[in-house]
Amino acid sequence: MEVMEAKKTRIYSFGDKTADGNRTMKNLLGGKGANLAEMSAIGIPVPPGFTISTEVCTEYNELGDAAVKDLLKEDLKQAVAKVEKIMGASFGNDKDPLLLSVRSGARVSMPGMMDTVLNLGLNDVSVVGLAQKTGNERFAWDSYRRFIQMYGSVVMGLKPESKEDMDPFEEVIDHLKDKRNISLDTDFTIQDLKDLVYDFKDIIHKRTGLDFPTNPWEQLWGSIVAVFNSWNGNRALYYRKMHGYPADWGTAVNVQAMVFGNMGDNSGTGVCFTRDAGTGENQFNGEYLINAQGEDVVAGVRTPQQITKVGSKRWAELARVDEKARVEFYPSLEELMPEMYAELNAYQQQLEDHYRDMQDMEFTIQAGKMWILQTRNGKRTGAAMVKIAMDLLKEGMISEEEAMLLIEPYKLDELLHPVFDPKAIKKANIIAQGLPASPGAATGQIVFFADEADKFRNTILVRVETSPEDLEGMNKARGILTARGGMTSHAAVVARGIGKCCVSGAGALKINYKERKFEVDGKEFHEGEWLSINGTTGNIIEGKVATKDPELSGEFGELMTLSDKFSKMVVRTNADTPKEAAIARSFGAEGIGLTRTEHMFFESDRIRAMREMILARHEKGRRKALRMLLPMQREDFEGIFEAMDGLPVTIRLLDPPLHEFVPHQLATQKELAEEMHISLTAVKTKVHELEEFNPMLGHRGCRLGNTYPEITEMQTRAIIEAALNVKERGIKVFPEIMIPLVGTLEEYEAQEEVIRSTAKEIFEERGDTVEFMVGTMIEVPRAAIIADKIAEKADFFSFGTNDLTQMTYGYSRDDAAKFMPIYLKKGILHADPFQVVDREGVGALVKMGTEKGRSAKPNLKVGVCGEHGGDPSSVEFFCGIGLNYVSCSPFRVPIARISAAQANIKFGC
Ligand code: ADP
Ligand code: MG
Ligand code: MG
């Protein structure tokens, strides 16, 4: 008897207002496939098609080409048959061929990361059939030459020979345009298009030795495999690494009936956004081209036109096109095809309502019929992200929780970046104007190639247009400037996604890659020269321009207030100066979690006294030097207490090895010897004595205070006296004195004794007291293990997760760069544990330390003061294990606050 096994579903169909899949199935169908299914099901006109699941990509990687072809064969035939039925045409038919597109789509959108093949199914015979059936020979040949070009580069791998070279197909096109003295693709005659087909096939044969495949099924399979392979291509690898996406996600393949925007003047194609992706303004916008197909808009082949009339007027102003010319040559879709516009406008509203977020859509008009080809949550700048979330909330479209979850915490960073100083702009020489594609200000030295974006420290990448290959370089550059392409060009979309300033479509720039220069109005700009671009206005400015701090929008404040409604965990800051403390407070920090006192010793007058203390041979000499340091340190603390009036301030006692404070150069050693009236040899000997094999594990932390208690005494005096002084001035002060690097209870007890007795002495001297706490940093694994014992004495714990990570892994933070990149690349580590807390090891120690600590002292206050305090995923973890606060650098405070609120919404912590 035959055993029937439930057959695995590998292919999911959609079209004709139904679908096998839906929007929740992104992991299986990829983002594009899931949304095509969803749109089809809710009645949006989507060309019919099917999605081959991401699991098949994984099967392909494991089993290879032939085996997967076998597995898919039957399902593929049936799925194509369904499309044929809906479209009333048949795949591979010579007279009335069904044409397909093959599109990639991973579970998260990776714009332009993988390639698409359009018009698949054509060959020398069916192109004639298509021409006859449609009565449009020009359209048939235009589609065919596009197909060969895309298939040739995506599937057969024809690429430019070097970076200064052009794409081989584009080169042929340009050559023909020159010969015929025309500038646009739409000016080609039918004969030109036929010549292109012939020439394209010829180059393919010359370069690969292969003939262009004529069998549509072979074309289809070749394209599917190319999509699978692109998942492991360089661009995808880089993008995945940048975002930490695992290799086993795979990509889905979408196969879909073609609709044609290149059928003539009542056809076209475009891209649109339901709101402004740069500013967040609630204004439908986008770009389109008449008689065009696929990527024409994004690639900037021709200057795209605006969809709305408002957008069109704004564009004309920037491009310095007068109103008459605008209406004649660049009319908006709203003006040119009001009915099509109205239909599109209705769909964009329907989709935004349905997805409850800003959408980025693709559409194609085929002979007066509107088709939607893609929708996804649109990429946006940090500023737009905040505005859109708060606006959708106010419009009643989403809840407060949903608004909070629309925020990507890291992107808030962008809002805090500097902008050009308006005073400097007034004096600046604006050499040209482009489109304000991605806001921000950037100054840098000119480079022309993405792989040279790190040739100088700050660079502006100048390109005719960008392509997905350029992603890495775009990421490295300060700003991106392109001569071609609109607001939806590759450069613009990617720049907004990664929060990089970008000016696109600066048509006045004549770029010469070979000579590494560009020309504007007769003036030349060469590689290495300074240039500034303003992505908010589109200005291109000669030389460097001064910047200033940004002003935060009202919506930013509203968002922050809203976040407090949800987060239970407090966010403090790491600050060593009153200025840092004040900045952090303005971002909403509710205290200082870490003040490092050693930074205060590096200023010129202090370092002398510090060195004197270190060089002293006896306690008496040390005390003398410490007496000089006392008033300075006390003054520092007063400034910080004032800035944090009413909030707690944790101050860590001296932590780094003393070797860091002594001079290592002969000249400075000589100076010091003279100043201190000792011999150079004595200085050298001391410096030598202080050298350690392993300073991070050496004489530092509480080991200093325990060998030289007079240091702890002086620091305690500075803290307590400062507290009493500001108290007299009416300031509310809550000092928390923190003992670093404790590993045994005795280490803690000995230091605590010094602190408490010194404080007692001062209180008696002054006849006044102030409340204070004594606690410890838990950063040596042993301390986490004996946390219950320490907690019997300590008032609080602060996990120093930097050192704790270093010591738990046994990785020296300063040397990790030698192996970390390789570990990450090989997948031995999934994330850098110094950036994202390692939940399994270091995190487990934090959890255990907290639990043990609270078993001895239920109300023990516990926080974290390592770098992890500002990392969203780590904050989520710390929140989940019930810590009272995290502390991070001032500019990370908003990020941590939002992360804490999101953790509360997601996990109720
Ligand atoms: P990407 O992920 O790079 O945006 P897409 O698969 O979305 O790639 O497609 C690239 C271009 O081809 C888009 O402009 C898209 O609208 C167009 N396109 C894809 N499939 C079809 C189709 N079936 N008919 C018409 N145009 C299509
Ligand atoms: Mg797309
Ligand atoms: Mg430490």
Side-chain angles (χ1 to χ4, degrees), residues 14-15 30-36 39-40 45-51 80 83 86-87 89 91 98-122 139 142-143 146-147 149-151 153-154 220 223-224 226-227 230-231 233 235-236 239 251-263 267-273 286-289 291-301 304 344 359-367 369-379 466-469 471 486 488-490 492-494 497:
F14 57 83
K32 199 180 286 168
N35 287 334
L36 284 169
M39 285 198 290
S40 189
V46 171
F50 53 88
T51 304
V80 170
V83 179
I86 297 173
M87 296 301 285
F91 187 59
L98 168 69
L99 302 190
L100 299 172
S101 71
V102 177
R103 324 169 66 184
S104 65
R107 65 169 81 174
V108 292
S109 101
M110 296 160 70
M113 293 314 297
M114 278 168 289
D115 301 295
T116 298
V117 179
L118 302 179
N119 310 330
L120 187 140
L122 282 173
F139 150 74
D142 182 50
S143 302
R146 286 169 185 271
F147 170 50
Q149 180 173 353
M150 279 183 260
Y151 196 93
S153 68
V154 177
L220 179 57
S223 305
I224 292 171
V227 172
S230 73
W231 177 249
R235 304 183 215 161
Y239 196 89
T251 177
V253 185
N254 301 291
V255 179
Q256 198 176 10
M258 281 302 302
V259 290
F260 302 99
N262 58 335
M263 265 194 170
S267 299
T269 185
V271 177
C272 56
F273 297 87
E287 293 172 335
Y288 78 105
L289 280 174
N291 199 9
Q293 201 179 38
E295 310 272 37
D296 290 1
V297 174
V298 182
V301 177
L344 181 64
Q359 296 297 296
D360 163 356
M361 303 157 53
E362 288 170 6
F363 66 91
T364 284
I365 301 167
Q366 174 176 332
K369 162 134 182 64
M370 175 68 68
W371 294 93
I372 305 296
L373 283 154
Q374 190 173 336
T375 194
R376 62 182 172 209
N377 296 340
K379 295 210 180 288
T466 64
S467 79
E469 271 87 2
L471 181 65
T488 58
S489 66
H490 177 266
V493 172
V494 170

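We're numbering straight along the sequence, starting at 1. Indexing begins at 1, ligand by ligand and atom by atom, following the structure's order.
- Remark: distances from the non-hydrogen atoms of Gln293 to ligand 1 are all 4.0 Å or more.
- Atom-to-atom distance recorded for Leu471:CG and His490:NE2 is 6.5 Å, nearest 0.5 angstrom.
- When the options Ala292, Ala257, Gly261, Ser104 are ranked by their closest heavy atom to atom 23 (N) of ligand 1, first place goes to Ala257.
- Neither the backbone nor the side chain of Leu100 comes within 4.0 Å of ligand 1, counting heavy atoms alone.
- Per-residue contacts place Lys32 under 4.0 angstrom from the following atoms of ligand 1 (heavy atoms of the residue considered): 1 (P), 2 (O), 5 (P), 6 (O), 7 (O), 8 (O).
- Interface of Val259 with ligand 1, defined as ligand atoms under 4.0 Å from a residue heavy atom, comprises 24 (N), 25 (C).
- At distances below 3.5 Å, at least one donor-acceptor pair connects side-chain atoms of Lys32 with backbone N or O atoms of Ser104.
- Here the side chain of Ser143 pairs a donor or acceptor atom with the backbone of Phe139 at under 3.5 angstrom.
- Inclusion of Gln374 in the first shell of the Mg ion (ligand 2) is supported: an N, O or S atom falls under 2.8 Å.
- On a distance-only criterion, Thr269 and ligand 1 share no N/O pair closer than 3.5 Å.
- Considering both main-chain and side-chain atoms, Thr364 never comes within under 3.5 Å of ligand 1 through any nitrogen or oxygen pair.
- Taking a cutoff of 4.0 Å between a charged side-chain nitrogen and a carboxylate oxygen, Glu362 and Arg103 qualify as a salt bridge.
- Proximity of a side-chain donor or acceptor of Ser230 to a complementary backbone N or O of Ala236 within less than 3.5 Å is not detected.
- The atoms of ligand 1 that sit less than 4.0 Å from any heavy atom of Leu118 are 12 (O), 18 (N), 19 (C), 20 (N), 21 (C), 27 (C).
- Nearest N, O or S atom of Glu362 to the Mg ion (ligand 2): atom OE2.
- Residue contacts with ligand 1 for Met258 involve both N, CA, C or O and side-chain atoms from C-beta outward (heavy atoms, distance under 4.0 Å).
- Contact annotation for Leu373 and ligand 1: only side-chain heavy atoms (C-beta onward) come within less than 4.0 Å of the ligand.
- Counting heavy atoms from C-beta on, the side chains of Arg146 and Asp142 come closer than 4.5 Å.
- Although no hydrogens or angles enter the test, the distance criterion places no donor-acceptor pair under 3.5 Å between the side chain of Ser267 and the main chain of Gln366.
- Inspection of the Asn262 and Asn291 side chains reveals no N or O donor paired with an N or O acceptor under 3.5 Å.
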